[in-house]
Amino acid sequence: MEFFIANTVSGLAYAMLLFLMAAGLSIIFGLMKIMNLAHGSFFILAGYVAYTFSRSGMNFWLSMVLAVIVISIFALIIEKLFISRVHGSETDQVLLTVGLVFVLGDLALWIWGGNFLSIPVPAIFDFSLDFAGMTFPAYRLFVIAMGILFAFVLWYFEAKTRVGMIVRAGVDDMEMVSALGFNVKIIFSGVFIFGAALAAFGGVLSGPILGMYPMMEWEILVNSMIVVIIGGLGSWKGAFIASMIVGFVDIFGRIYMPTFAMAFIFILMVAILMVKPTGLFGRVES
Amino acid sequence: MKKNKRLVLAIMFVVSMFLTACGSGGGQASGDGEGEPIKLGFTLALTGNFAFMGEGVKEGVELFFEENGNKIGDRPVELFFEDDAGDPQKALKNYQQLTLNQEVDFLGGGTIGSISYALTEAAEKDKRVPIINVVGSGNSLSWGEKSDYVWRIGFSSLNYAGTLGVDMAENIGKKAVVIASDYVAGHEQATDFSANFKEHGGEVLDILWAPSGTSDFSSYINQIKQHDADAVYMFIPGADGPRFVQQFKEFGLAENYALVDGGSVLNAPSTVEAVGDAVVDGYVLSHYHVGLENELNKKFVEDYTAKYDKVPDNYVINGYDTAKVMSESIQEAGSTEVGDIIDTLKAGLSFDSPRGPIELDPKTNHPIQNHYILKGVEKDGEIVFELVRTYEKVQMPAEDPGYEKAK
Amino acid sequence: MTLLKIEDLNKSFKALHILKDVNIEIKKGERHVIIGPNGAGKTTLFNCIYGTLPLSSGKVYLAGDRIDHIPSFKRTEKGMGRTFQKNNLFEELTVEENVRLAIMGKKKYRLNMIKPMQNYTDLAAECRRLLEEWEMIDRRAVLVKELSYGEQRLLEIILSLSTNPEIILLDEPTSGMSPTETSRFVKLIKKIPESITLVIIEHDMEVVFSLANKITVLHHGTAMMTASPEEIRGNQMIQEIYFGGGALSHD
Amino acid sequence: MKKAFLSTGLLLITILILPLFISPFLVYLSTEILVFAIFAMSLGLIMGFGGMPSLGHCALFGLGAYTVAILSEYTANIYLLLGAAILISLCFSIVTGYIAIRNKGVFFLMITLAFTQVLFLITSRMKFWGGNDGYSASVTANFGFGEITSNMGLFYMMGFFFVLSYFLLKLFVNAPAGKVLKGMMENEGRMIALGYNPKTYKMIAYLIAGSMAGLAGGLYIYKTQFVSPALFSVHMGAEVMIMVFIGGLGTVFGPALGAGAFVFLQNYISTMTDRWPLILGLLFIAIVLLKRGGILHLIQFVTTFGLKLFKPSRSRNAPVDKQVKGKEQAS
């Protein structure tokens, strides 16, 4: 039982990291119909940037804030320079963002080298809680809390605020939103930056657990994609539920069927797509 | 329709492309005379996950030839480095290119085990060029899959894991949990460790297999905690290794278990930099140690630090000694013919290296060398590794000892 | 004989109720025009009949068979054709290739993967016949994107005719045309044989009254009335809300 | 049909005489190009004619490769091995195609990519067949008239399959099913209105592309004697996609040209610099931002332009005339 609880907590922490990875990707697509394959690159770049800041003596929180800001500005530049030119053409989006993944990955390798890097756990969470014979590292509990907090923020934002309403309407019909007099360009940039910032936040948060190393952006991207496919594109709720599913399947799969944990996710994906081609919470496209 | 014409032109274009290319690539004549440069080719992982290993080897090679005036004997040396990103397919292509196009006289490669195997197979088939296996540690490269054309300069799984098994049982603790990467090298290491550990009175309580690419080790750590062991033996190479070390500390295991590493993760400068004091009190085995007290090593560390502004690791010494073997064997053979070089190597080659005396054993194509047990300590706020024990002249058995496979 | 029957059709997007309990019966050979102000749900109705959009509730019958649950392409096989409000053609292909693709939809060999398409003589002949009949034969090798707007509208109709339909849904066939083009085009539509039933969405009242022998008025998503052109003309209420209200934008 | 025969014949002759002119290493490299040409052409079919962009096409290639590598322990019969490679890839295409084709565009891309990545993770984590290390297979091609071991022999073998694949694809794109597919890509709504079931045609194309990629993968093993999970990596998928683009999207031969150009570039650039991924990425971005076609489009443009210079009187409005003249020139 203790073993089970300990692993549930681990699964939850992993699921929350997956959620932060995938939510941004899903939101960007849901609203802008932009497939940003460079999403994983934002995630890992944020980790690298925060690493550099924390190396230069800043504390974890300041490095995190700065890294999120840096990545947001970077995302804005990318959006203005490239993404805005490929609205409507999926093939172009794919090519362009894959190109960005290569470029950013190689630049990161150039700047930060090929070694595994890691951000130190912030001092106030650098301990573990012992409870009934189980050990819970405080930082992981913090990650779980942050994941839930963000899910709540997203829910509140979407359901209770005016901006959320515009955004919700935009998912259904961007033309209508523009007809109502809102500046679609600004909304687009805003959403893209928000998605990137979410990724950056996740990237820094995962720094002390997952670290950063070359080619990690692809792993992040693929994990986010699996989550988004299962949960449904454009839905953060779907991303939340799917992250849980994937997180738990992964953790318990490792314990009980180590080799086939991935095959299990494959079968799960097939099964869900058979029943619902657009994923659990995906919209039916006309 | 005009498409026919276009197609003809397209095909002509392809042909001309090929012809231009062969004009530049095909015309090279091979030369072996005096004063002609000796060509040494390397296929290394210079990008991707294993880049730090390939880079280290490359730096070692370059350092050696810099120290020796870029010459072997009195002939100049020309170095060719190709990147294989740790992908055997790319390594094989580089091998073909280096041997067919650049026509190198000696080849170095095998940043990871699978590449060593792939290169060995190709070398045995083509018999074109002698190869130094720079890192690949697979045991069978010294036994069943041994090729006269491939010589190892690094270490073997058995030497590392076996020596640690003995040392751990005698000096650290009798009860251990093993965690190893779930692939060929991991299984080899776990087997060799368990067998030697048990022979010296140790008991393996559990073996956990972590797939490579594991980012979150918490489920394994929860499993380790269920055992009342003295030590945890880990073999988790690549980026996963430092992550495990970090989480090992994070979950508070470091207080109750000694961490013993057979995969050269703990003492890698990059790990120390990434995870900091999580390596303190950990044990690791290495065939090289920066702090070795010998003249060669002092010079080696000095030169390397002067050139690259960091301390050398195991891969740098491998590269350095690879170059040394190439240089020595060509000089001794007095020729760059593949047959002559192989004959020289088979006659037995021994020399002094910064890592201590080395003897290339023709029975196993493997170096007989010292192995060092190191321990992480914190000294004046800095994390360093201290030499604890030395196992001298560790050698590879000439045949597979046939241990029971770890499961 | 009733060819197309729409029974209690409802369609809503989220809270927006676009079509409410629409009931229409269309007899074979009819020229049935659907009119109504912008936003009345005319195109949505077409999309529902044709299966481009799923119904929220209700039934659609074609020649007595229920068709509201089968995919669009099967409705075409059953004899329903349609044109689109905006030109919806293969712009990068020639006129001839467009028509060939359209004709081939009914052929068994449409799945052939070896014999080149231009080697099918029956296809070529049928294509030629159609193009001659509709006076497009001179333009057969021109890329569609290089045709004039009127020609493209005509090609829309030729394409829907080439599937041998029993009924065609024409979505604003004359939209965007000049008055002279329009009157020429109306003549062409009149050339479509009686055996083919036409359901037409149209704004231009002149066109409506010159084509229709039955008119349905769609208002706020409900079919207010279905009647002959004369009755519609004489109906005071229709005049009020429709012509009087100025909602109809053709002036 | 005549056109397909003519171009195939030309291609065949080119391949036959090519090794006479090039160095041994280039023969080796060309062997690889031919395999990737088959692979790229198969992706070119679904992308350029079916409008289905896939970053996961390497799954089918990799499956073909793994199939041959694994089964080669039990049989050396090349017909059986290549047949099995095609069959396994076909089966995987059926499963993934059935699911992915129900979704369009990006979702299609994501699903195929996700399946590929799952294969990547399964193969890299599994205990048998080498896991992450890869798996060495020693296979020797023997079609019943002697073993093919030399680089030259392999070159001709791949050349044969390349020409065969090219010919079959050429037939397909000119046949009704191919034309319908292309129409579907351009205007799916209209094709449905004409009574075509889009899924059928997309599925056909996907299965053809899948089997062809499987064949290419199977052939690849005869050259490298080695499989590894890297075959399933996103890198591989992205590389073959860029081959299609630099060669020319929407043509049969373009992707093959792209494969040639790509392998050359990669080989020579990566010799000169370690920054190959950076250059590759910039290439992707440049292709998108410049909105230009591939090499084949460029050649077509140059030749059309050249012809126009000589015969300036020919206008676009006299296409019948144009057709006749074109035929005369070709024969």
Side-chain angles (χ1 to χ4, degrees), chain C residues 47 50-52 71-84 87-120 123 138-144 146 156 159-160 162-165 168-169, chain D residues 1-6 45 48-49 51 102 167-205 207-209 211-212 249-250 315-327:
Chain C
N47 283 336
Y50 194 68
T52 315
S72 303
F73 68 90
K74 287 211 171 133
R75 302 185 198 203
T76 308
E77 280 173 17
K78 281 184 171 286
M80 186 184 273
R82 82 168 287 187
T83 68
F84 296 82
N87 283 334
N88 199 353
L89 301 159
F90 307 101
E91 302 210 330
E92 299 291 331
L93 302 182
T94 63
V95 171
E96 197 171 25
E97 284 169 319
N98 266 270
V99 178
R100 279 188 185 177
L101 269 183
I103 298 171
M104 211 170 60
K106 287 243 163 182
K107 305 283 185 195
K108 281 232 166 62
Y109 55 70
R110 63 177 191 258
L111 277 167
N112 187 302
M113 290 177 233
I114 294 168
K115 190 173 164 186
M117 189 161 152
Q118 67 241 45
N119 291 10
Y120 290 94
L123 200 62
D138 296 341
R139 309 288 280 159
R140 67 174 186 276
V142 181
L143 288 184
V144 167
E146 290 167 7
E156 274 277 336
L159 288 195
S160 56
S162 41
T163 59
N164 292 332
I168 305 181
L169 315 177
Chain D
M1 183 81 79
K2 222 169 94 189
K3 222 168 63 187
F5 274 120
L6 185 72
L45 176 70
F49 292 87
R102 298 200 289 181
F167 180 64
L168 291 177
L169 278 181
K170 202 75 191 166
L171 285 185
F172 177 78
V173 300
N174 286 314
K179 294 282 186 191
V180 174
L181 184 70
K182 186 108 195 203
M184 207 77 82
M185 178 169 95
E186 214 188 301
N187 191 339
E188 188 166 326
R190 173 51 97 172
M191 285 311 269
I192 293 171
L194 293 174
Y196 296 101
N197 181 357
K199 280 172 203 151
T200 311
Y201 294 87
K202 287 184 179 176
M203 194 70 185
I204 289 174
L207 296 186
I208 292 176
S211 340
M212 203 167 265
L249 187 68
S315 81
R316 293 200 111 181
N317 287 336
V320 184
D321 185 21
K322 195 157 123 191
Q323 255 189 7
V324 176
K325 269 191 191 151
K327 272 193 182 128

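A note on names: the letters A, B, ... follow the listed sequences, proteins ahead of strands, and every chain is numbered from 1.
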Item to complete: Output yes when D:Lys182 and D:Glu186 qualify as a salt bridge under the 4.0 Å nitrogen-oxygen rule, no when they do not.
Response: no
Discussion item. If the threshold is 4.0 Å, N to carboxylate O, is there a salt bridge linking D:Arg190 and C:Glu156?
Written reply: yes
Discussion item. Under a 4.5 Å cutoff for heavy-atom pairs, which residue among C:Lys78, C:Met113, C:Lys74 has the most contacts with chain D?
Written reply: C:Met113
Response to the item:
Residue from C:Arg75, C:Glu91, C:Glu77, C:Arg100 scoring the most non-hydrogen pairs under 4.5 Å with chain D is C:Glu91
Item to complete: Check whether any side-chain N or O of C:Asn47 sits under 3.5 Å from a backbone N or O of C:Thr52 as a donor-acceptor pair, and report yes or no.
Response: no
Worksheet item: How long is the gap from CE on C:Met104 to CG on D:Leu194, to the nearest 0.5 Å?
Response: 10.0 Å
Worksheet item: So what's closer than 4.5 Å to chain D heavy atoms on C:Thr163: side chain, backbone, both or neither?
Response: side chain
Practice prompt. Side chain from CB out, backbone as N, CA, C, O: work out which of these in C:Glu97 comes under 4.5 Å of a heavy atom of chain D, or both, or neither.
Written response: side chain
Discussion item. Can you tell me which of D:Asn187, D:Leu181, D:Ile208 forms the most heavy-atom pairs within a distance under 4.5 Å of chain C?
Written reply: D:Asn187
Discussion item. Under a plain distance cut-off of 3.5 Å, with no hydrogens placed, do C:Arg110 and D:Tyr201 share a side-chain donor-acceptor pair?
Written reply: yes
